[in-house]
There are 2 protein chains.
Amino acid sequence: MIQEEGHVKIRDLSEKFEVSEMTIHRDLKLLMEQGLVKKIFGGVQLQEVSNKIQQKQCTYCHKPISNEGKLTYQLILSANRIERTCCAHCGILRHKQLGEVVLQALCHDFMTNTTISATTAWFVMDTSLQMGCCEPQVLTFGNKDHAEKFVKGFEGTVLRFEEAAERVTEAMQASCCSKQK
Amino acid sequence: MIQEEGHVKIRDLSEKFEVSEMTIHRDLKLLMEQGLVKKIFGGVQLQEVSNKIQQKQCTYCHKPISNEGKLTYQLILSANRIERTCCAHCGILRHKQLGEVVLQALCHDFMTNTTISATTAWFVMDTSLQMGCCEPQVLTFGNKDHAEKFVKGFEGTVLRFEEAAERVTEAMQASCCSKQK
DNA sequence: TCAAAATATAACATTTTATAACAACAGTAT
DNA sequence: ATACTGTTGTTATAAAATGTTATATTTTGA
């Protein structure tokens, strides 16, 4: 409903789902904390378009994003929203978190800095070259050949989007005391 | 209303939105503080805007935009907003994303650097000349003849705006694992 | 220049919406 | 069965928005 209208009243949601307004408030709070919607007095609306306020922080880890930002990852969402993360590590996690709201994802070829689509990119993990952004590190490449040549020199594994996503998620959920969630 | 007329009376706004004039005054005060409108005795008018804030980053992929910016694409939006992308690739995607908000779109002829309208420009894709900005690359030409001569030497396909938009969107939404959404 | 009319502002009252604290309830593990 | 957990609804209270009235300011026209 919010997606379609751009703005909905708490009362409408309450009637629609046949629950109290209190419940709606509570549920919206979660969406708000995820940064998906914005509560205004009397309703909810989609989070502001970020075209003026240049995002200077990673949406996921909140680290400042450097200006050249070769490592950054951009998420193009519905309703003209754009999010930006410091690197593919945070980008992939946020991407998975948002799910279908993500219309497109952009990243940059590590060698040429060409902007490419993340879903078709090649991801390199476990390499010896440490960029020092996030752990586990994920580098992005526009073509397989480059990624493989890179790995030849700097070691690591070449992965597709889904594989990389799985690896990162797994690594982040691992617990210190080996008992998985 | 203010946008369209350039000048509106408080009373009209009050009747239009079915609230008291006091509320209109209060709400306009906020717009005024944001510098969007100017209150005059008996009404509001649009505030003149200075587009001094030159964007130095691509609105879409956030890559820094070089100063000569031969490849850049400009979107002229309502309410005197201007957005700038690094190249036609991002420009077209952002253009489609914003939809009707875009009043005009500018780009440059690849050979002469002449500023031209994007909607009437000729777009060249799949050429052998790699500028290294974004993938899939899109070059812009002011006239069909030039585009075709370019293609004769450097290969590629000459497209109109809509065709190019479709091609780029498709490429960006493609998934790595061949199962389309 | 001045008074009358029109419009704006300030202060307060009223209404609407949000939040916090608590109680009721269902499901789950012990 | 019992204690625990998490969700929901209810109530009271707080916060925000809106409307009303009285007063100030600006404009208009003689």
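Just so we're on the same page: letters track the sequence lines, and every chain starts at 1.
Where B:I40 and A:K39 each meet DNA chain C at their nearest nucleotide, the meeting point lying more 5' is that of B:I40. When each of A:G42 and B:F41 is assigned the nucleotide of DNA chain C bearing its nearest heavy atom, the one mapping closer to the 5' terminus is B:F41.
For the pair B:V158 and B:F123, the minimum side-chain heavy-atom distance is 4.5 Å or more.
Taking every heavy atom of both residues into account, A:Q137 and A:L129 meet most closely at NE2-O, 2.7 Å. Across all their heavy atoms, B:T59 and A:I82 have their closest contact at O-CD1, 3.3 Å. Scanning both residues, A:Q74 and B:Y60, for their nearest heavy atoms gives CG-O, 3.7 Å.
A:E166 pairs by the side chain to side chain donor-acceptor pair (under 3.5 Å) definition with nothing, not counting sequence neighbours. In terms of the side chain to side chain donor-acceptor pair (under 3.5 Å) criterion, residue partners of B:T119 (sequence neighbours excluded) are, by chain and number, B:S117.
A:S14 places a side-chain N or O within 3.5 Å of a backbone atom of A:V19 that can act as its donor or acceptor partner.
Heavy-atom contacts of chain B under 4.0 Å fall on DNA chain D between two terminal nucleotides, which in 5' to 3' order are D:dT18 to D:dT27. Where DNA chain C meets chain A (any atom under 4.0 Å from a heavy atom), the bounding nucleotides read 5' to 3' are C:dT17 to C:dA20.
Partner of B:Y73 under the side-chain hydrogen bond (donor to acceptor under 3.5 Å, both in side chains) criterion, out of B:H108, B:H95, B:E83, B:R84: B:H95 alone.
Among residues at least two apart or in separate chains, there is no ring-ring contact (aromatic ring centres under 6.0 Å, His included) pair with a member in residues 1-41 of chain B.
Taking every heavy atom of residues 17-28 of chain A and every atom of DNA chain D, pairs under 4.0 Å involve A:V19, A:S20, A:M22, A:T23, A:R26, by number.
Of the N and O atoms on the side chains of B:K63 and A:T115, at least one donor lies less than 3.5 Å from an acceptor on the other residue.
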